[in-house]
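What follows is a single structure, written as structure tokens, with notes after it.
No hydrogens, no waters, no symmetry mates; every other heavy atom, side chains included, goes into these values.
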Amino acid sequence: MITGPSGILRSSIVTSAVAILLAAGAAHSTGSRQIEGPIMPDTAAEQAFADAPFGVDPTVTGPTSAAFKAEQSRLGCGSAVWPDVPLGCYPK
């Protein structure tokens, strides 16, 4: 058991030293991380809609031409999943 002022001082010095070592280790591990950038390049849809990080639904709810509907069918827009959505799925 630690008794007296010198024992309390030793105890607080040891506790402070452990806290400093833990803080230094945490700072080193977060400071040494290097993020290279995106692993996969942005798709055409991600580039076209850069302000929508969670994606854009290609479902068109307004009137469209028969040619546009045929193009959407040909591109597989109904089953496309973000970010792999062809730009032809979106109206101009």
Side-chain angles (χ1 to χ4, degrees):
M1 184 164 168
I2 301 173
T3 59
S6 64
I8 293 172
L9 182 62
R10 273 194 306 250
S11 174
S12 64
I13 290 174
V14 169
T15 303
S16 297
V18 169
I20 289 171
L21 287 174
L22 287 173
H28 173 71
S29 68
T30 57
S32 62
R33 292 183 191 156
Q34 292 183 0
I35 299 174
E36 299 283 328
I39 294 173
M40 305 230 355
D42 289 344
T43 64
E46 286 175 306
Q47 291 174 2
F49 302 103
D51 58 340
F54 299 109
V56 177
D57 185 3
T59 303
V60 179
T61 57
T64 57
S65 67
F68 180 69
K69 288 180 183 178
E71 181 69 7
Q72 282 188 315
S73 178
R74 185 185 69 77
L75 293 172
C77 298
S79 61
V81 177
W82 184 264
D84 299 317
V85 179
L87 282 181
C89 295
Y90 300 99
K92 304 280 186 257

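- No donor-acceptor distance shorter than 3.5 angstrom exists from the side chain of Gln47 to the backbone of Ala44, with no hydrogens or angles considered.
- Closest non-hydrogen pair, Cys89 versus Gln72, comes out as O-NE2, 2.9 Å.
- Cluster membership check: Val85 shares its hydrophobic cluster with Val56, using side-chain heavy-atom separations under 4.5 Å among Ile, Leu, Val, Met, Phe, Trp and Tyr.
- A pairwise comparison of heavy atoms in Ala80 and Pro86 identifies CB-CD, 4.2 Å as the closest pair.
- Val60 and Phe68 make their closest contact through CG2-CE2, 3.7 Å (heavy atoms, listed as atom of the first residue, atom of the second, distance).
- In terms of heavy atoms, Glu71 sits closest to Gly88 at CG-O, 4.5 Å.
- Closest non-hydrogen pair, Leu87 versus Ala48, comes out as CD2-CB, 3.7 Å.
- To the nearest 0.5 Å, the span separating CG on Asp42 from CZ on Phe49 amounts to 13.5 Å.
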